[in-house]
**Student:** 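Pasting a structure below so you can have a look.
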Amino acid sequence: MKLSTADVEYVAKLARLEVSEAEKEKLTAQINDILRYIDQLNELDTMGVAPMSHAIAVTNAFREDRAAQSLEPGDALANAPDARGEFFRVPKVIE
Amino acid sequence: MDFETVIGLEVHAQLLTDTKIFCSCSTQFGAAPNSHACPVCLGMPGVLPVLNKKVVEYAMRMALATHCAINPQNVFARKNYFYPDLPKGYQISQYAYPLAEHGYIMIDTGEGSRKIGITRIHMEEDAGKLIHDDHNPASYVDLNRTGVPLIEIVGEPDIRSPEEAAEYLRRLHEILVYLDICDGNMEEGSFRCDANVSIRPRGQKEFGTRTELKNMNSFRNVQRGLEYEVRRQQYLVENGEKIVQETRLWDDAQGVTNPMRSKEEAHDYRYFPDPDLVPVVVDEAWVADIRAGMPELPQAKRERFVNDYQIPAYDAGVLTADKALAGYYEDVVKLCGKPKIASNWVMGDVMKFLNEDKKSIRECPVSAKSLADMIGLIEEGTISGKIAKEVIADMYATGRTPQEIIREKGLVQITDEGALAKTVAAIIEANPGQLADYRGGKEKLFGFFVGQVMKATQGKANPQMVNDLLKKMLALRQAQDDID
């Protein structure tokens with residue numbers, strides 16, 4: 001599998017990343033290096049092996065449905081780039 | 001051209017837990033903005049979500065109620081996209097391994113009962129709430145709702161008309177509320193529906209191009225939105241135009257759907273298993289435990305009401321539409337032992353008063369005990385059905401018992417035949433003109449005499465007795481005159 005510069009542009013856009021032309025070239029090469037390694041792994045026969053989603057063998061980690069203190073009023077907004085009153089403020093998302 | 005409509009619905013239901021799905025913040029509606037937020041639901045770096053066990057249990061109830069198979073192992077996944085109501089940049093949902101799959105519910109249609117398939121039910125977190133500034137290029141974000149537990153119920157494209165869609169939603173809604181896992185409030189967004197709709201020439205196997213409808217916040221609007229969309233698609237096809245696959249918003253005021261305008265890019269969610277959350281393993285013992293705790297479902301209750309109480313299916317449908325109403329009715333029946341009469345009073349006067357006041361049965365001032373007592377008083381002849389109408393209005397207005405009201409207002413029925421006979425005789429004497437007409441063949445005037453007697457007794461006369469006495473005495477007059 002080989003990725004093109006256009007693929008890198010698409011992934012960068014989905015991740016809201018701005019990349020320069022030089023970076024695009026570099027990233028395309030690096031990602032293809034990683035994918036070549038994955039291709040190597042793909043040579044192994046994994047028929048009959050269930051896909052693994054987690055690296056640890058733990059299941060069913062639950063908490064009980066009991067409320068605890070949320071952040072103090074104002075603390076939630078403390079690190080926000082922009083806020084107004086009790087709200088976060090963002091650029092308008094609909095026209 | 002004859003078209004067939006194909007509809008599939010996706011329902012999001014907020015679960016009635018006290019806390020959010022992955023943190024201990026309260027889920028209470030209506031709190032001050034951003035006051036139910038913590039580092040976990042705000043998506044701060046380095047935090048770990050921990051699953052609320054009750055969310056799994058509630059979701060399992062719905063899965064069992066809709067005949068789904070519960071997956072022995074299910075996994076949470078990240079759905080990646082950027083939007084200001086989603087602080088982490090991804091929504092925790094389930095994708096490849098949902099909680100449950102392959103279920104169905106039954107709906108009533110014009111042509112009888114029909115099975116509508118349920119593709120899957122999965123657990124996920126809700127997003128925050130956005131408020132858009134009308135005057136400035138800004139939106140305001142409240143993250144109290146972020147992380148409130150949802151189940152998404154994805155239906156098969158088995159629905160064939162907007163009417164069926166509304167019926168399917170009503171049934172799902174009813175089940176959720178009966179299970180005590182969702183408050184079902186559509187206006188507050190506890191129960192939301194998106195609809196996929198397409199049309200195809202009848203007989204064609206392939207589906208047509210579909211559109212997705214959003215923003216329909218009542219059963220009626222779902223039906224209206226779909227009806228509009230079906231007409232719009234038919235118009236396009238008949239005029240040789242193409243249907244564009246897109247998301248459209250229902251505009252309630254205008255009664256139309258419009259393409260959604262959004263700055264959101266093409267959707268490519270790049271789902272992958274969330275490494276922060278370990279798989280959920282559901283064994284048979286857990287399923288059996290949940291099954292054992294399931295309440296009676298609406299369909300079963302309706303059938304039981306018809307069989308055990310011998311009331312019409314229509315009555316059973318009305319009485320079971322609300323679980324609390326069904327409970328109230330059953331309390332009344334247990335206390336008075338008259339199922340059909342109880343049904344008439346509950347569906348009639350009680351529901352009429354409640355509807356007028358926009359109140360639910362939980363707020364009803366007439367207790368089940370009082371209503372049962374009143375029915376008992378009618379049955380034993382203490383009050384007439386007519387007087388009972390007055391008594392129940394008073395009971396509803398004041399919350400007093402029927403006994404108190406009857407005693408205070410002196411409403412006890414007159415069943416003393418001698419006294420009543422005197423009144424009847426006096427009424428006949430006092431109306432010679434009507435008497436002559438009656439005897440001349442105007443038999444409708446019988447009702448006039450009944451009315452006069454009732455008026456004279458302030459409605460307290462036993463109606464059957466009045467009828468009998470009047471018939472007897474009018475006949476007697478006739479006989480006397482014939483002799484004269």
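Residue numbering restarts at 1 for every chain, and letters A, B, ... go by the order of the sequence lines.
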**Student:** Only pairs of heavy atoms separated by less than 4.5 Å count here; which of A/Thr59, A/Leu71, A/Asp65 has the most with chain B?
**Tutor:** A/Asp65
**Student:** Tell me whether the centres of the aromatic rings in B/Phe22 and B/Phe76 are closer together than 6.0 Å.
**Tutor:** yes
**Student:** Using a 4.5 angstrom heavy-atom cutoff, name the option from B/Leu277, B/Asn80, B/Val282 with the most pairs to chain A.
**Tutor:**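 Counting heavy-atom pairs under 4.5 Å, the top option is B/Leu277.
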**Student:** Would a 4.5 Å heavy-atom cut-off, applied to side chains only, mark B/Thr247 and B/Lys214 as touching?
**Tutor:** yes
**Student:** Taking every non-hydrogen pair under 4.5 Å, which of B/Thr27, B/Leu51, B/Ile131 racks up the most with chain A?
**Tutor:** B/Leu51
**Student:** Side chain, backbone, both or neither: which part of B/Asp18 has an atom under 4.5 Å from a heavy atom of chain A?
**Tutor:**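 When you check distances to chain A, atoms from both the backbone and side chain of B/Asp18 fall under 4.5 Å.
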**Student:** So, for B/Tyr81 and B/Tyr269, is the gap between ring centers shorter than 6.0 Å?
**Tutor:** yes
**Student:** Regarding B/Asp180 and B/Arg61, does a basic nitrogen lie under 4.0 Å from an acidic carboxylate oxygen?
**Tutor:** no
**Student:** Below 4.5 Å from any heavy atom of chain B, which atoms of A/Arg66 appear? Answer side chain, backbone, both or neither.
**Tutor:** backbone
**Student:** Tell me whether B/Arg145 is salt-bridged to B/Glu188, with the criterion being a basic N under 4.0 Å from an acidic carboxylate O.
**Tutor:** no
**Student:** I need the residue from A/Glu86, A/His54, A/Arg84 with the largest number of non-hydrogen atom pairs under 4.5 Å to chain B.
**Tutor:**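 Greatest number of close heavy-atom pairs with chain B: A/His54.
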**Student:** Measure distances from B/Leu48 to the heavy atoms of chain A and classify the residue's part below 4.5 Å as side chain, backbone, both or neither.
**Tutor:** neither
**Student:** Is there a side chain to side chain donor-acceptor pair (under 3.5 Å) between A/Glu23 and A/Ser20? Walk through the geometry before answering.
**Tutor:** CA-CA 5 Å; A/Glu23 282 170 324; A/Ser20 68; 3.2 Å; yes
**Student:** Side chain, backbone, both or neither: which part of B/Cys41 has an atom under 4.5 Å from a heavy atom of chain A?
**Tutor:**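 Neither part, no heavy atoms under 4.5 Å.
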**Student:** Looking at B/Pro273, B/Cys38, B/Pro279, which one has more heavy-atom pairs under 4.5 Å with chain A than the rest?
**Tutor:**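 Among the listed options, the one with the most contacts to chain A is B/Pro279.
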